[in-house]
Amino acid sequence: MIRVGVFVCWCGSNIAGTVDVGKVAEEAARIPGVVHVEQNKYTCSDPGQDSIRKAIKEHRLDRVVVAACSPRMHENTFRKCAASAGLNPYLVEMANIREHCSWVHSDMSVSTPKAVDIVRRAVAKVKRCVPLHPSTIPVEKRALVIGGGIAGIQAALDIAEAGYDVTVVEREPTIGGRMAQLDKTFPTLDCSSCILTPKMVDAASHPGIRILTYAEVEEISGYVGNFEVRVRKRARSVDEARCTACGICILKCPTSRDSEFNMGLGTRKAIYMPFPQAVPNKPTIDREICRHFTAGKCGICQKVCPSGAVDFSQEDQVLTEKFGAVVAATGATQFSVEVYGEYGYGRYPDVITGLELERLISSTGPTDGKIRRPSDGKIPKTVVFIKCVGSRDENKGYPYCSKACCMYTAKHAILLKEKIPSASAYVFYMDVRAGGKDYEEFYKRSQEMGTRYVRGRVSRIYPLDGKLIVQGEDTLLGERVEVEADLVVLAAAMVPQPDAPEMARKLGISYNQYGFFSEAHPKLRPVETNTAGVFLAGTCQGPKDIPETVAQASAAAAKVISLFAKSELSTNPNVASVDESLCSGCLWCSNVCPYKAIEEKIITERAGKETVTRTVASVNTGLCQGCGACTVACRDGAMNLLGFTNEQILAEVEALCL
Amino acid sequence: MSLDWQPKIVGFTCNWCSYAGADLAGTSRMSYPASVRIIRVPCSGRINPVFVIRAFQRGADGVLVAGCHPGDCHYSTGNMYARRRFLIARRFMEYLGMDPARLEIHWISASEGQKFQEVIKNMTDRIHAMGPNRKMREIL
Amino acid sequence: MGYAYYPGCSLHGTAKEYDMSSRACLDFLGIQYRELPDWSCCGASSAHSVDHTLAVSLPARNLTLAEQMNLPLMTPCAACYSRLRGAHHALRSDPGLAKKVLTVLGSEYKGRYEPLSILDVLYQYGPEAVGEKVTKKLKELRVACYYGCLLLRPPDYAKFDDPENPGKMERLVETTGASAVDWPHRTECCGASLSLSDTKLVVSLATSIVDMAVRHGAECIVTACPMCQANLDMRQRGRTKLPVYYVTELLGLAFGLEPKRLGLTTHMVNAISLLRAKQLA
Amino acid sequence: MKALLIPGLARIESVRDETAAGDVKTFTVQFLDEKDRFDYMPGQCAMLSVIGVGECMISITSSPTRDRMQFSVKKSGRVTSALHELEAGHTVGVRGPYGNGFAVNEWRNKRLLFIAGGIGLAPLRSAINYCLDNREDYGPIQIIYGARSPGDLCFKDEIFKNWPGFPETQVQVTVDKGDESWNGPQGFVPSFLKEIAPSPDNAVAVTCGPPIMIKFVLQALSELGFGDEQVVTTLELKMQCGVGKCGRCNIGHKYVCVDGPVFTLSQLRALPAEY
Amino acid sequence: MNDLREQLKEAVASAFSQGRVRSFVCLERGFYPFATMPAILHSGSDADRVEIGLADAPLLAKYLLDMPKPAGIVVRSCDALGVSRLIRDRRVKREDLYIISISCPGVVDTAKIPMSMHRITALEKAGDALIVHTALGPTELPWSSVLLDRCLACVSGAASTDADVVLDDGRGKPPAPVDYSEIDEVEHMAPDERYAMWEKEFAKCIRCFACRNACPACSCRKCSLDLPEPEWLSRAVILPEQFMFHFTRAYHVAGRCVGCGECERACPVGLPLMKLNRKFTRDIETLFGVDDARIPRDVEVLGTFLPDDPEEFC
Amino acid sequence: MLHISKHNLLSLLTHASSSWQVFCPSKQGSTVNFGWFEGTVDTVAIPVNSCKGAFLPQTEELFTYRGTPETGLSLTGGFDGQKPVLIFFARPCDARALTLLDRVFLEGEYADDRYRSRRARSVVVTVGCKSPLDTCFCTAFGIGPDSKAGSDVFVYEDETSLYFEPLTEGGAGFVAAHLAYLAEGGTPVSVMEELRRAELPLAGRIWVEGMAEMLDSMFDHPVWEKMSARCRGCGACTYLCPTCYCFSVFDAPRGTHGKRYRSWDSCQFSDFMLMAGGHNPRPTRKERVRQRFMHKFNYGVKRQGDYLCVGCGRCIRACSVGLHAASALFDLKEAGR
C-alpha cells in the first residue's frame, strides 16, 4: 500500500509570500496515494525534520514528498531525515516550489496552481520509487601514476609521503619527461636539471614508489578503488640488477641514431641512456637499430659488459595489478611545425623549434651548451623568434594559447644575450602574455636586454646567400619587415600526445576537441575526471608551465590521498539496471556508455522445453555513474535508470499534463 | 482561446546544468511566465524523444529539452547523444506536422539563469501566439 | 568515365597555346575528355566582383552542364578553376544561395563532383604514370615552378596544394627529367589583375619574381595560369629574361610532341631558344 | 438492456489477509447500487475491476447462501496487485455472474469429495459452504486441502474450526513442508489423497489448485476408481470479457468463461490437450 | 534464370549434405503459381522446392531468429542488408549462418500489374519486359513499371559478397540512384498540411504490427510497445496513439533501417511507411555525413557522435 | 426497379448521411478502405478492410470514470444509440459475414448491447460483384456474386446506373427515404445474368465440404508446424477479416479520471493469451496459427453452426507471406487426405 506524505514548506515568506501554501496542501491531499499533508514554516529546520519523522511513524508513510526548495539544495537533508525515521532514503522526492516557482512568479493566482502541479509530479514520481541501497566497495590503496615527468614524479612523491604505495609507469627508458630536456626555467633561470634530478632520485629511492620505465599501460578495467591495470614492461635487454652503469657498452656500441632527447640534434647509440642523469641509470637496447636484433650480428656490448648484464633474450613482461586510483600525467608534445610551409621548418636546418634551442643551450646538449646553428655550426648573430606557431591559429594549428611560449621565448632571448652578448634577437609576436608571479618582470628584462619585439606575423622565410630572410609585418608600424637571420626559433605550441585519445579511452575519460583530457569541472573539479578515481596532472590536461604542473600534481595527489583515507566507498544507487527478460542483447547501450560500465553477460534460461543461452547487457554498478544515456539507446525498454525510471518519467509527464 | 490562457510547457532538464540554471533564475528572482513545469533527469542523454511525444499526447502545448552545452556534459558525452537524437527526432516531429516552435531544445548551463528566463519567456510568447496544441493530443 | 573539359575564355584567346598543349597532353596520355558543350564565361574577369549571385551563377551554369553529363568538370585555367571551386563551395554550403541560383539557371546543381584543375587530372593520372610516358628527358633544364595565387587561395576551397609550401607542380615537372629549383616566390602574387590599372606595380612584382627565380638558379618558369603566364612573360624587366612555360608545354615536349603543336612559338620571351640551347627542341 | 461490459461499483466492506505472506486476501464487497447486484451459484465467477488498472476474472468464494459477496485473490499480476493495494471503504467494479458453476443440484445425496491446493480452495469454498448450508441435501463431505506451508493455508477459521463442526464432514489438511507450529500431515496433496483413499462409490470429486496438483490429483482419482464423470475441476485461462465474446479463453470449441470454468473430467477429455 | 535456380538448388542441397546447416530459409512456390512465399527447409531433399522468386518475394532475414542453427538463407542484396542488420544487432551470429547470395533483377509487385489483368496464370521475365499470361492471352509490361518499390531504390542487384556461396548470373539490377524527392515533397508542405496528411494515413492504420514484424531492424525479443508497464503505447487505436506508434517505430529503426521496404510491402492498408523511414535515413545522411545510411555499420549512427555535429540548438 | 444514375450517387449519400451514419468505401491514399463517409465514395474497388468496424469499432470507449478507488468513483458515458448505420456497398461476402458476427454478438445468454444497438436499425446495402478478384473464393462457402444473405438492399450496377432492390423492411425504408433521387423503371437483366455467370478463378481449388469434421482429428497434425513456419505473427489477417471479432478490454488512466476501452485484438499476437504469471498457453506461432484456422473452420462450425470465413480473400491480400485462408484450406485438405 502506497502511503505518501506531503510536507509543504513555507520557507518563511520565501514560498508562502507568493504561493498559497494552504491551497497547495489542500490540493495535495486530493492526489491519490497521499494520506498525509502538513505545512511547515521551515521544513529543513530541526522541528521541520522532526515533524517528518513523526509523521512517517504516525501515519505509516512509505513515501515522502517535500515541497520546498531545489533538490540540489536539500534533497540530501530530507533523505537523511527519512532514513533516520527508518524509511529508505530513496523514497523521498522533492517538489521545487521555491526556485522554480515562488521566486520567479509573483502572482499567486498562477504560482499556486503551478506549485500544485509540481507537487503532483513529485507524488507521481515518488509513488513509483522503490527502495534503493547503496553498496560499498573496498578500496585498493595503491595508486598508479601514468607518466614519469615532473607531474608524475610530484604526484607520486606526495602520495607516497602520505604512506600509500605508488607505481609510476613511464614509457621512455627514464623518468624526467620534458623538464629534463630544458636548460633553465623561467622566471628564475634555475637550472632545470638541478631542480629536477634530485626529485627523480627521491622518487626512485622512495620505499613507497615503484618506477616502471620503458613500460606502457595497455588496459585499464574496473572502477574507482578497484582498477585492474595491465602494464607491458618492454624488454630493456639489460638486466637492471646486474648493470653497474659503467657505460662501457655505450662507448663500444657501433650503431647510432638521432637522439630523441636532443631533439635529433645529436646522436645516441643503439644501447643508450637518454641522458647521463637518467633514472634508472641503466642503459637500454633499442632493438629497432641494434645490429644484434636487426642483423643477428654484433653483440659487442654483451662481450664488453663486465657484469654480464646485457641480456638479448629478455622478453616483455606483462604485469596485471590492482590499483585504487590513477593519476594521468602523460604530458604533452610539441606541435609539428612542418605544416607552416612558409617557415620552411624541415627544409632549412637553421629553422628550429624552442625545444631544439633548449638542447643547443643546454650544457648536456649536442653542442655542450654553445649555441651553434645546425647547418654549419656557426655562432648566430641574428636570431628571430616566432611565437604562436601552432597555437592561437585556427587555420593551421589550434585556437588555444599554449601558455608557456611567451615566457620561454623571453627566456631564450635572455639566454641568447647571456651566451652571445653581441647577438641580436627579434621576437615576432601577437600578444605577450605574462600573467604569473614575476613573469611580467622577466619579460621586461628580456626587452631591457635589447630583444626587439615585433608585433606581427611572419609571412615567409627563405634562404638567400647563407642567411634566412624573414619577411613579416610590423602591425604596429604597418610596415613590411625583413630580417636577415642566422637562426630562426619557432615557439611551437604544446599539443596533446598523439595517442592521448587512445589513453583517454583506456582510462574511460573524455578529452576535448584537441585531445587534452577533460577535467570534471573547469573551476571546481579541475583535477578530477568524470571517471571516479582517475585524476589529472600536468600538460595532459592542457598547456601549462612547470609551477602549474607541479601544483596540479600535488592537488591530484591530495585527491588520491583523500580517496585512500576511506576504507570503503559507497556507490550511487541511481544506476542503470537491466531487465534481462526484455534484453535482446544488442549491446547498443554499451556503445553510448561513457564509463564502459555495460558488459556482455551470457545467461542460461529455460525456453519451452529447451535450455538456451543468450547474451544480455549487464551493468557494472561500480562503474555506472547513472547518466541514463543507455536507457534511451535501449529500444527494448530493458534498460532502466533506477531513481529515474521510464515508468517514473512517463508518470511525471502525465502528472504535469493533467 | 481565452486571453488568460497560459500554455503548458513540459521541460526536461538535466540535473547538472539546466536544472541548476533554472535554480539560478530562481535565486536571482528572474521572473518568467508560469508556463513551464520541469522534470529533472540526470542528463539530457536520459531524455527519450518518446517522452516528448507522450507530453504532446497528454496535453502539453510545448516541450523544452535542455541540457549542458555540448562539451560540458557532467557525464562527458550524454548531451552529444542527446543532440544527435534530437536533431533527427525534432526534424521528424516537424515532418509529422508538429509545429517546430512547440519543441525547443536549448543548452543552458548552470550559470545561465538569465538564458533560462529568456528561453521560457520567448517560448511562452511564441506558443501563446499559436494557441493550444491540438496535434497528437488525446481528447478526454 | 572521363572529364568535361572547360577551356574558358583565356584559352580561346590569349592563352591559346595552353589550350593546345593541354589537349595535346590529354590526348597523348589517353585521358578521356569532352569539351563542355555550350560553355559560357566563368565570370573571372569582372563579374565576380560585381554581383555575388551572378558570380556564382556563371560558373554554376557550367558546373550544372557538366553534372548533367555525369562528368567532373576540369579546366586548365587557374582563374576558371578558382571561380568554379568557389561556386561549387558556395552552392553546397549555402542552401539559400543555391535556391537563388536555381531560379536563375532553372536547373539544380547537386555538387556531386569537385571541379578540377588540369593539374589535378594529371595528378590523378599519377606522376609515375606520366613519367613512364616521357620519351624525351628534359635533362639539365632547371625550372622554377610558379603557382601564383589562384590555384592555392583561398585555401578553404581552392587548395590545389599546401598554400604555403606547395610541391605538386614540382613533382609533375620533375617527371620530365627537368629539375625544379627551390625558390621562395612560388606563391607570390604576380599582380596580373592590376596589369592594366597599375602597370608600374605589376612590373616590379613580376620582375622581382623572375629575379628571385634567376637568383635560385632557374632557367625558366613554369606556370599553370594564363594570367600569370601572360603577366610574367610580358612584364618582366630584369637583367636576365626567363621564358615562362605552361606545365603542359613542358610535359608535351617531354612526350616528344612538336613544339609547334604545343604553341611554343607564340611566347613573348622566346620560348624556343632556351630549348634549342639545351638541345631539347 | 443491461450493458455487457460495464461493471457495477461496489464498496469493499472488509479485507482479510489469508496467508502469512500476505499474497492472498479476501475481499468482502457490497454493491453501491442495488440494481447492479446479481445472484450467483457456487463456482461462478465475476469480473473484478480496479478501475484505472483493469479487470480480471475471479471466482466468487462466498456462498450464495450467505449474504455478502466475497472474492479471495492471490496477488499475481497487475490487476490483482492493484487490488491488494485497496482497503476497506475503497471502490471496485464487479460484473457477473459468469460461468456455469458447480452442478450442486446434481450432487444431491452424493458423497462429496473436495480436493484443493492453496488458493484453489477459493471456488470450492463457495460450494462447500453452499452444501454445508444445505447439509441435509448431501451425503458425507470430505475436504482434502493442502498448501505449500502452514502459512499458505487459506480460510484457516473454516478449515480448522467451522467446517469440522458440521455433521459427517471431514477436513484433512496437509502441507508440503511444515514448520515448528505444524504437527499435522506433511506431503503433496495427490499422495495425501492416495493415502486417504476415499471411495468412489456414489461420490463426486471436485478439485481445484495449481495445474500440476490437478494433473496428479486427476491421476490419483482415476487410480482410486473414480470415473471421469465423477470428477469435476475448474479451469482458469486469460479472459477479457467473461461472456464468450472476446475469443480468448477457448479450449477447442469450449470457452472457459461461459462453458466452464467447471468441467467434468470426461468433458475435458473430449477437448484438445493443448490450447 | 533457370540456371541460377538450378545452381541454387544444388547449393542448398550441398549445404545440407555437407552438414553446414540444420535448417534453411528460402522461397518456394506460393499458393498462386506466379508468387513465392518463404519456406523453411529441414533437409536437403527439400531443396527441389527452392525458387528464385520472380514476384512478391518476401524478405527472409528475420526468419533466421527462430531457426535451428546453423541456419542457411538465400539472400538478394536487400535481404543481405537485413541479415547484416541482425548480425550487428547481435540477434544472430555470422558463424551460425550459411549465406547463399544471389543476384536479382528486381522482384515484380503483382499489385502493380493493372487490375484489368485478372486471371493471371503465369508471369515471365523476358529481357526488359514482364510477360503476363492471363486467361485472355499474354501482355507485355515494361519491367521497371512492375517492380516492387524497394527494387526501385535498390542498393545493387548484384549478389552480395559477404556470403558463403555467391551466385551471380550478371543480370542483377544496376544500383538505383538515390532519390529523396518524395521526402522533399512532404517537407515542402505547410506543417498543418503535413499533419493532415499523416492524420489521414495513420487513421487507416489498424495496428496489426505487420510492419514491425516484417522489419529486420525490429528484432527485439519483446517489443517495448507491447509492454503493459510502462505503457509506451496504449492499445487504444486512436489518433494520438497512432502518432506515438509510428513515431516510435520509425525512431527505433532510425539509423538502422536497411531500406528494404518490407514494412511497406507488409502493410495491408498501404501506409507509406518508407516515407517515414527514409526521412530519418536522409537526415542522418545529411546531418551526420553518413554515406548511404542503409548499410549496417558496427557502430550505430545514434550510438556515436561527432564533437562537431550540426548545432541546430543553442 | 428503382435506379439512380451514378452521377447522383454522392448527392444521395450526402442526403442519407443526415439520418444515417454512412459507412462506405473510399480512396484513402493508395488504397480503398471502408470508413465513415466524408464526401467521397468508391464504387469500384473491393476495400482492403471489411465493414465490421461499423458495428465493432476497432477501439471504442466503454466508459469514462472520474475519481479513484480510494476516494470513490463515478462511471459515465454509457452507450446510447446514435444515428443508425448505413453500410453502403458491402459485398455479398461482407453482408454474409455480418450475419456470422450477429451470431456471436447477438445470440446466447449474453448479447452485446453496443453491437446490438448499432446493428439494430442498420441498413446494409450490398452491391453485386461483377468482377470478382483473383483472391475471391466466396463460392466455396455457398456465397456468390449475387448472394443476398445479410443484405437489406441489393444493388445491381450497370455502366451508368445502380438498381436498388430492397430485400427487407429496413431496406425498403431506406429506399423510400430516397425516392427523390431514384427513378422508376427497368430491370438490369443483363447484370443479373452477368452476376450469375461471374466466375471465381479460385473456386476450383478450394474445397470446404467436410473440413470441420476432418479437422476434428487434425489438432495434432504436423501440418500446423509447416504452415506456421512462415507466419510473421502480425495481426493483419485477423484485423481485416470480416468475421474475426476478438477483442480486449483495457483502461487508460489519466490521474483521477480515465477511460475503459475495448479494442480489437488478434489471436496471432504472442501476448493474446499471456497470463498474469507469465504463462502462455499458446507459446508459439504453431498454436496461434492453429487457433486461427481451427476457430474459423472447426470451432466456429460447432459454436455458430457455420464456417467463420466467407471467402472474401482479404487475408490473401493482407498477408505478406502467403499464409491465408485459401492456402490453409488447400494445405489442410492435402494434409487431411
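Residue numbers begin at 1 in each chain, while the letters A, B, ... track the order of the sequences.
- Of the atoms belonging to C:D156, not a single heavy atom falls under 4.5 Å from chain A.
- Neither the backbone nor the side chain of A:N395 comes within contact range of chain C; no heavy atom of the residue lies under 4.5 Å from a heavy atom of that chain.
- Listed by chain and residue number, nothing satisfies the ring-ring contact (aromatic ring centres under 6.0 Å, His included) test with A:F517 (two or more places apart in sequence, or in another chain).
- At least one side-chain heavy atom of A:Y462 sits less than 4.5 Å from a side-chain heavy atom of C:H185.
- Checked for salt-bridge contact, C:K168 and C:D162 miss the test: no charged N lies under 4.0 Å from a carboxylate O.
- Between A:K378 and A:D486 there is no salt bridge, since no side-chain N of the basic residue sits under 4.0 Å from a carboxylate O of the acidic one.
- Residue-level contacts of residues 205-236 of chain C with chain A, in order of numbering, are C:M212, C:R215, C:H216; threshold 4.5 Å between heavy atoms.
- Classification of the C:Y18-C:Y246 ring pair by plane angle, with boundaries at 30° and 60°, yields parallel.
- At distances below 3.5 Å, at least one donor-acceptor pair connects side-chain atoms of A:T539 with backbone N or O atoms of A:A332.
- A salt bridge does not link A:D258 with A:R268: every distance from a Lys NZ or Arg NE/NH1/NH2 to an Asp or Glu carboxylate oxygen is 4.0 Å or more.
- Salt bridge present: A:R460 and C:E188 bring a charged side-chain N and a carboxylate O closer than 4.0 Å.
- Checked for salt-bridge contact, A:K396 and A:E338 miss the test: no charged N lies under 4.0 Å from a carboxylate O.
- Contact residues of residues 191-201 of chain C toward chain A are absent (heavy-atom distance under 4.5 Å).
- In terms of heavy atoms, A:A504 sits closest to A:Y511 at CB-CD2, 3.4 Å.
- The aromatic rings of A:Y400 and A:Y398 sit parallel to each other, their planes meeting at less than 30°, with 60° as the upper class boundary.
- When only modelled atom types and interatomic distance are considered, A:S256 and A:T267 share no side-chain donor-acceptor pair under 3.5 Å.
- Of the options A:V489, A:D431, A:T409, A:L490, a side-chain contact (heavy atoms from CB on, under 4.5 Å) to A:K387 is made by A:T409 and by none of the others.
- Of the two parts of A:L464, only the side chain, counted from C-beta on, holds a non-hydrogen atom closer than 4.5 Å to a non-hydrogen atom of chain C.
- Using non-hydrogen atoms only and a strict 4.5 Å limit, the part of residues 347-356 of chain A facing chain C consists of A:R347, A:Y348.
- Remark: C:R171 engages C:E128 in a salt bridge, criterion side-chain N to carboxylate O under 4.0 Å.
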